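For clarity, every value in this text was computed on a predicted model and none was experimentally measured. Just so you know, ligand 1 is whichever comes first in the structure, and atom 1 is the first atom listed for that ligand.
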Amino acid sequence: MTTDLTRLSAAELAELLATREISSVELTRAHLDRTAAVDGVVHSYLHVDTDGALAQARAVDERRAAGAELGPLAGVPIAVKDVMATKGLPTTCGSRILEGWVPPYDATLVRKLREAGLPILGKTNMDEFAMGSSTEHSAYGPSHNPWDLDRIPGGSGGGSSSAVASFQTPLAIGTDTGGSIRQPAAVTGTVGAKPTYGGVSRYGLVALASSLDQAGPCTRTVLDAALLHSVIGGHDPLDSTSIDAPVPPVVGAARRADVSGMTIGVVRQLGGEGYQAGVRARFDESVQLLVDGGAKVVEVDCPSFDFALATYYLILPSEASSNLAKFDAMRYGMRVLPVGVDDPSAEQVMAATRDAGFGDEVKRRIILGTYALSSGYYEAYYGQAQKVRRLIADDFTRAFEVADVLVSPTAPTTAFRIGEKLDDPLAMYLNDIATIPANLAGVPGMSLPSGLADEDGLPTGIQILAPATKDERLYAVGSALERALLERWGGPLLDRAPDLTAPPASKEA
Ligand code: GLN
């Protein structure tokens with residue numbers, strides 16, 4: 001075999017599997033080998049399931065040999081963020097408090113992956129309970145950006161983004177509460193899509209903030225994201241917020257890749273000052289490519305977006321403080337007995353366990369959330385935030401009256417250095433300034449690579465936003481832009497990333 005299977009897209013691999021030029025076992029093994037070669041330096045995975053993945057690959061190969069009708073991605077391996085419950089596989093959410101917990105059930109999304117014949121390679125690293133923008137809040141150590149190992153791969157889903165960007169898997173699952181699919185995609189030169197809220201079941205997704213959380217695809221191409229979206233999407237009676245409608249026609253839109261006649265809205269509030277020059281330059285060029293492709297561009301005003309970050313950091317901690325109350329030392333994972341107490345009460349065990357089991361960022365948000373929800377402050381903080389949330393949704397509604405999709409840079413900067421923002425929570429929170437409005441309004445969003453910044457040679461991302469349930473527009477615009485950019489670059493951006501298996505530079509000696 002001359003081609004390196006790990007460099008191909010999921011769509012290309014699915015084709016080779018369908019025509020039986022390769023087997024899923026061969027393909028899965030190639031990715032496990034790649035992980036063995038590079039994950040020592042990237043640290044994308046918290047758990048690699050070699051035996052399980054190969055068993056699933058063998059099973060799908062047998063079904064194919066028997067002539068069974070298989071789904072479009074059958075046999076293509078995938079990595080899953082460690083926030084999704086996986087039956088028989090550890091699920092830690094990047095936290096000590098869940099160390100050793102093995103769920104007795106699969107999340108709906110995971111069940112769909114298994115039924116569609118996608119071997120699960122393992123569980124990817126993440127900021128603890130998905131709180132963060134860098135994976136530095138993982139209790140198990142950070143993941144590294146394949147473009148520069150001293151830099152962050154984004155967060156909270158930096159394990160998934162770095163696994164995709166370092167060719168350890170063609171596909172991964174992320175979750176996006178305030179940007180954790182899109183921002184990691186932007187800083188690693190990959191594609192990330194957050195479906196409409198309710199478009200993919202949250203059953204078995206360990207909740208951070210239930211009104212914001214949404215799982216979705218992490219891939220290297222827009223078409224791959226569409227194929228994965230259509231596998232995991234759709235109604236689920238086990239999730240009361242799941243949309244009872246068919247998955248939007250995302251695959252067809254990705255294949256058509258057409259923007260002619262569409263109106264693209266550039267959001268005035270998401271750009272300009274505070275955004276790195278190289279991020280802005282690549283964004284402007286991308287917008288021009290959309291115009292060249294036949295789209296019309298307008299500027300749209302969304303004044304309430306200026307309050308999105310503040311609103312999010314009241315609503316998210318409030319919901320998180322409530323969701324995390326279930327980690328009480330009785331039900332899941334770790335139990336710590338308080339030292340020097342003979343006959344500890346349940347409350348004392350709970351306190352000792354939560355003190356030892358949760359990291360600083362999680363504690364910070366629990367304190368913020370319980371404060372914002374407490375009597376006397378509820379109306380002043382949580383109640384106000386809910387009202388501003390409505391204003392943000394109204395801004396989207398007005399903007400979508402004049403534009404089919406909205407665009408902005410995904411993140412204000414390229415990947416920062418590991419350690420750079422760890423002691424400054426506000427600086428960390430600012431990474432999501434452009435992605436958070438979509439979660440507050442429940443609308444779908446996608447990030448795809450727009451190029452490399454001139455200052456530092458690191459990937460930049462462009463974000464596309466669409467009205468709720470119109471996810472197909474993300475894919476139409478995203479794949480049209482991707483096509484134009486590939487032509488400009490003369491090949492995939494990730495071809496320019498460093499070779500991680502090359503011998504270490506001499507400075508290490
Ligand atoms: N970085 C944001 C936060 O820390 C978003 C996290 C997410 O989307 N899970 O809350």
- Is the Phe358 ring parallel, tilted or perpendicular to the Phe327 ring (thresholds 30°, 60°)? perpendicular
- When you measure from the centre of the six-membered ring of Phe416, is the NZ or CZ of Lys421 under 6.0 Å away and within 45° of the axis? yes
- Query: Are Asp301 and Arg398 close enough for a salt bridge, meaning some N to O gap below 4.0 Å?
  - Reply: no
- Query: Can we call the ring centroids of Phe305 and Phe396 under 6.0 Å apart?
  - Reply: yes
- Item | Pairwise ring-ring contact (aromatic ring centres under 6.0 Å, His included) hits with a residue in residues 82-107, at least two apart | Trp101-Tyr332, Tyr105-Tyr203
- Contact set, ligand 1, heavy-atom distance under 4.0 Å, ordered by chain/number, equals Ala130, Met131, Gly132, Ser133, Ser156, Asp176, Thr177, Gly178, Gly179, Ser180, Leu208, Tyr312, Tyr313, Leu316, Arg365, Asp432
- Message: For a ring pair (Phe, Tyr, Trp, His ring centres under 6.0 Å) check, start with the C-alpha distance between Phe307 and Tyr312, then their side-chain angles and the critical distance, and finish with the verdict.
- Response: CA-CA 9 Å; Phe307 309 107; Tyr312 174 86; over 10 Å; no
